[in-house]
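In what follows, a single structure is set out as structure tokens and then discussed.
To find a chain, count down the sequence lines: A is the first, B the second, and so on, and within it residues start at 1.
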Amino acid sequence: MSDSQIIVGLEIGTSKVCVAVGEVSGSQAVNIIGLGQAKSRGVRKGEVIDVALAEEDVRNAIVEAEQVADVEIRSLYLGVTGSHVRGFNNTGVHPVVSADREITGDDIQDVIKNSKAINLPTDHSVVHVIRQHFRVDGQDGVLNPEGMLGAKIEVDVHVVSGRYNRLQNPIRLVNGLHMEVDDIASSALASSLAVLGTEQKELGTLVIDLGAGVTEYAVYSAGVINHTGALAVGGDHVSNDLAYGLKVPLARAEQIKIDHGSALIDPEARDLTIDLSDDSLIPGRQVNLGHLQKIMSMRLQETLELIAKDIGQAGLIEYLRAGVVLCGGGARIPNITKLARDVFNLPVAIGRSSTVSGVKNALDEPEFATPVGLIKFGAFQAQAAPRRAGFGRVIRRQVAALFGR
Amino acid sequence: MDVNPAIRLIGLGETGVKLVETLAVIAPEGVVAHSLDTDNRSLYRCHQSRTFLLGQAIPCGLGTGGDSALARAAVESDSDELAGIVDQADLVFIVAGMGGGTGTGAAPFLANLAKQAGALVVGVAATPFDCEGIQRCNQATGGLRDLKQVADAVFHFPNQDFIQLGDADIGLNQALEIANRHLCESVLGVSRMLLEPGILNVSFADLESLVRNRHSLGAVVHVEATGDDRTDDAVKKMLSHPAVRGGEMLKEANSLLVHISGAELTMAEMDTVTSAIGGCAPTARLVVGASERASGEAIQLTIVIAHTGTLAEMGDDTSSLKPDPAGKVSGLGFSDPYTAFSADSYLDLGTETGNSKRAGFAYTPPAPTADALPPECREDLIREAASEEPNRVKRRKIVQEMLPLEIVSKGRFENSEPTIHKGEDLDQPTYIRRGAILN
Ligand SMILES: Nc1nc2c(ncn2[C@@H]2O[C@H](COP(=O)(O)OP(=O)(O)OP(=O)(O)O)[C@@H](O)[C@H]2O)c(=O)[nH]1
Ligand SMILES: Nc1ncnc2c1ncn2[C@@H]1O[C@H](COP(=O)(O)OP(=O)(O)OP(=O)(O)O)[C@@H](O)[C@H]1O
Ligand SMILES: [Mg+2]
Ligand SMILES: [Mg+2]
């Protein structure tokens, strides 16, 4: 066990704070050895709005994970999300200057450096630069151009960026609890790493993480990440709509949603009612199940359609040969796969963290995709840049094609 | 080019942001509102104005905790973006609460940028209650002075004034609410006066000639009255307005801009107003404007009172407007001890951080006390304060009318950035936006 390494993933989510502890052995197999959770009170739409509350919730989740896994957590990989996080593609270009036109390691370094010269708004900073493919003299799909002959080398990258200060907020929170952030990763990326296998990435898949505050999505095709996005709309919006439409308190609406919710309208439910009299606060109150389903399905359909439109505009729908994979708490809504199938006209499945093993609980629940994915992200990172214990900077970062095949 | 002056309303710090958010809803069309703070939390609450976080690197959205030097460092690092905000503006209102870090530190710097961009700069500053402590009051005084030295005019609203209007046990919140309403009304009054067409037009040039480069410290008074005696009532209200300090302010004024608006305004009414004001302010230069655009039967008076500070003596074009000697003993008394600072001296303050206490800061303005007011006037003021309630209800109604879409409360998303996608507010329930009927 001496060569195994502990990697921790933290998601400060809108509904829950979740810490996953993984053990990575030399062979890159990830074993989840502990989970810690706390109800999240200081986060809206994926971003911390109340530092004191969020800090307390993170501390509680960490303590629980430490106890379960029997480790002391000193550093972790942190998921970041929010409406300010966006993804786009960029291309780096570099002329091969050597006399014999043979592409060297230096050329590859240079073209990658060039791809990172991105014109971001001044208040934005880069979260990821993920390598997709190289091109040599216009020839597509080159995996490793070193040693090839050519005059011009290009590299396509997917860039994820966010507002600097809004990325810093959760980092500072973690630092304030005397832990280091090994690196940050966008939640969309992390979740996709958790639920997708190699084949799905090759064939082309859209992953959607239906969270409480943010709905994130990522598209893979030909083995690499092609498109990411985040909509600051989620399960909280469903509950808020229900609270308003059914005239019940928000907490009650959340419960009704979990107990009776559905992504589709069942014509038979039109005249059915749900009795709320078990709630002493609202004696004798009833709500109409048809109304509930209508309000809920309209919100969910709109959310999925916004994503479909974005993917469509990027021209990626036809590349999704392995269909759509749903994760996040919203993946548990009854009939959500059916609704998504209607919207995307593609096969839809619920994501399971199939490529890691360990605490069974963590693998079965779609809402743990982000923290589990962060461990996989961390494992890739650690492999690319082995940890030097004690020398950690606040953020260690290696730009490489880590996620892909 | 647009015929109307380009007016920018910029709120700095929590107080400024709060006020600008309110103003943005009711301001006349064409006024562009910006909210600037070092604190994310206050910007998250903004839905009406354009927001900008000061100091992305430091303090990166966490506020200054009262450190005005930190705020100054933040605005200095953002000066390119800030210059963009004031670019092409004719008139810039800088609204801030003095005494905290952000408003105090950022307002003078921004005012200077706006001046350099060629705008007429009017500061609108609230200063703390006495009970907030001597240190905060001193910091506020310093900020006010720095602001005055760069801005063309600063309208000063001491919070303490409003507390003294009511009973001894008036709540702080209540006092702030009254203060905020006065602040908002004055900014609105001036904007309307410049933007709405009138029978006797007060133009931007009039305001400009009154305040440009005068660095005056003054007040804006805005009152409304209805009924048969609307003119007399309005004049009475105006004279009992806290900012007029029982007529004191008018007596010492160098110039006054009076704007009267009301439906079916008569010559007699205009005469009543101007002679009443003229009688109180014998030495002031008077500019009068009038407009018949008004809501309902109310008459509205907006009076810009300018005191020329001693700094103005340095400009030669203002020599004709030297304050008369008596004017120097104004209740505010800021000008004298601080004339030693040259116009750009505030720029040095940024480097003068750390342990060095700023030289001029030990001065606290004498808070105007209730005793200083003549008894009749105090009675009036108290009555005024007591009659605030119906007014407030009226204003709310107007806000509602102008925001027909704001039907659904933001509920859970009250304190977060709204999710706007292609102009649509996704926080509102989908079924409502799509017009679905539940039956
Ligand atoms: N008129 C008025 N004054 C206020 C209000 N809220 C606060 N103040 C005053 O404004 C002063 C400055 O406070 P803030 O605006 O919160 O400070 P800030 O500029 O955000 O500064 P930091 O938070 O320290 O960076 C306070 O000392 C109060 O006296 C308000 O609603 N109305
Ligand atoms: N059975 C269910 N039916 C309907 N909604 C559900 C169900 N189970 C969970 N949810 C919803 O899923 C959401 C929580 O999902 P998740 O745990 O993925 O969010 P999060 O990670 O905390 O939030 P985010 O990633 O947006 O910050 C909540 O809004 C919850 O109401
Ligand atoms: Mg999540
Ligand atoms: Mg503040």
Side-chain angles (χ1 to χ4, degrees), chain A residues 14 43-51 82-84 121-125 163-169 171-172 212-214 231-234 236-246 249-251 253-254 270 287-288 290-292 294-303 305-306 309-310, chain B residues 36-46 50-65 74 77-84 406-439:
Chain A
T14 309
V43 179
R44 293 287 181 283
K45 298 182 180 174
E47 295 181 75
V48 175
I49 61 155
D50 185 323
V51 176
S83 58
H84 63 109
T122 50
D123 55 344
H124 271 244
S125 70
R163 299 264 293 249
Y164 175 80
N165 58 294
R166 284 159 81 170
L167 294 171
Q168 283 295 310
N169 285 338
I171 296 177
R172 285 174 68 124
V214 187
L231 272 177
V233 168
D236 276 357
H237 284 81
V238 176
S239 304
N240 202 54
D241 293 2
L242 288 174
Y244 185 77
L246 304 177
L250 189 64
E254 172 79 24
R270 251 190 87 122
V287 298
N288 182 300
H291 294 176
L292 183 158
K294 184 161 191 173
I295 294 169
M296 193 161 169
S297 70
M298 285 187 84
R299 170 63 80 174
L300 292 167
Q301 182 170 346
E302 177 187 51
T303 308
E305 279 170 352
L306 287 173
K309 210 161 158 193
D310 184 39
Chain B
L36 278 50
D37 200 348
T38 54
D39 192 336
N40 257 336
R41 283 169 303 176
S42 99
L43 296 183
Y44 280 152
R45 278 179 233 126
C46 295
R50 305 179 185 179
T51 57
F52 180 78
L53 181 77
L54 298 169
Q56 251 122 35
I58 35 162
C60 75
L62 298 170
T64 68
S77 70
D78 291 335
S79 56
D80 290 348
E81 286 86 350
L82 297 179
E406 201 72 4
I407 33 171
V408 182
S409 104
K410 298 285 268 182
R412 176 144 174 95
F413 311 112
E414 200 79 71
N415 292 327
S416 53
E417 184 184 58
T419 301
I420 308 290
H421 184 86
K422 306 219 159 93
E424 200 170 348
D425 183 354
L426 297 186
D427 291 341
Q428 305 284 345
T430 312
Y431 83 95
I432 288 183
R433 281 182 281 118
R434 298 275 172 279
I437 298 156
L438 303 177
N439 47 18

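- For A:Thr14, the parts lying under 4.5 angstrom from a heavy atom of chain B are both the backbone and the side chain.
- Atom-to-atom distance recorded for A:Gln168:CD and B:Gln56:CD is 11.0 Å, nearest 0.5 angstrom.
- Using a 4.5 Å cut-off between heavy atoms, B:Leu53 contacts chain A through its side chain alone, with no backbone atom that close.
- Only the side chain of A:Leu231 comes within less than 4.5 Å of a heavy atom of chain B; its backbone N, CA, C and O stay farther away.
- No side-chain heavy atom of B:Arg41 sits less than 4.5 Å from a side-chain heavy atom of A:Val51.
- When A:Leu242, A:Val233, A:Asp123 are compared by the number of non-hydrogen pairs under 4.5 Å with chain B, A:Asp123 comes out ahead.
- Ionic pairing of A:Asp241 and B:Arg433 is not present here: no N-O contact between side-chain nitrogen and carboxylate oxygen is shorter than 4.0 angstrom.
- By the 4.5 Å heavy-atom criterion applied to side chains, A:Glu47 and B:Asn40 are not counted as neighbours.
- For B:Pro59 against A:Arg172, the heavy-atom pair with the smallest separation is O-NH1, 4.3 Å.
- Ring pair A:His237/B:Phe413 is parallel by interplanar angle, where below 30° counts as parallel and above 60° as perpendicular.
- Within the model, atoms CG of A:Asn165 and OG1 of B:Thr38 stand 11.0 Å from one another, a figure rounded to the nearest 0.5 Å.
- Annotation for B:Ala436 and A:Lys294: closest pair CB-CE, 4.0 Å, computed over non-hydrogen atoms.
- Taking 4.0 Å as the cut-off between side-chain N and carboxylate O, A:Glu254 and B:Arg412 do not count as a salt-bridged pair.
- Side-chain contact between B:Leu426 and A:Glu302 is present, with heavy atoms from C-beta onward closer than 4.5 Å.
- Residue B:Glu417 touches chain A through both its backbone and its side chain, counting heavy-atom pairs closer than 4.5 Å.
- With chain B as the partner, the residue from A:Arg163, A:Arg299, A:Met298 showing the most heavy-atom pairs under 4.5 Å is A:Arg299.
- With contacts defined as side-chain heavy-atom distances shorter than 4.5 Å, the pair A:Leu246/B:Leu438 does not qualify.
- If you tally non-hydrogen atom pairs under 4.5 Å between each of A:Asp236, A:Asn169, A:Ile49, A:Leu250 and chain B, the highest count goes to A:Asp236.
- The neighbour count for A:Arg270 CZ, taken as heavy atoms of other residues, nucleotides or ligands under 6.0 Å away, does not exceed 12.
- Proximity of a side-chain donor or acceptor of B:Thr419 to a complementary backbone N or O of A:Ala232 within less than 3.5 Å is detected.
- Chain B forms more heavy-atom pairs under 4.5 Å with one residue of A:Gly82, A:Gly213, A:Gly245 than with any other, namely A:Gly245.
- With a threshold of 4.5 angstrom between heavy atoms, A:Val214 does not approach chain B through any atom at all.
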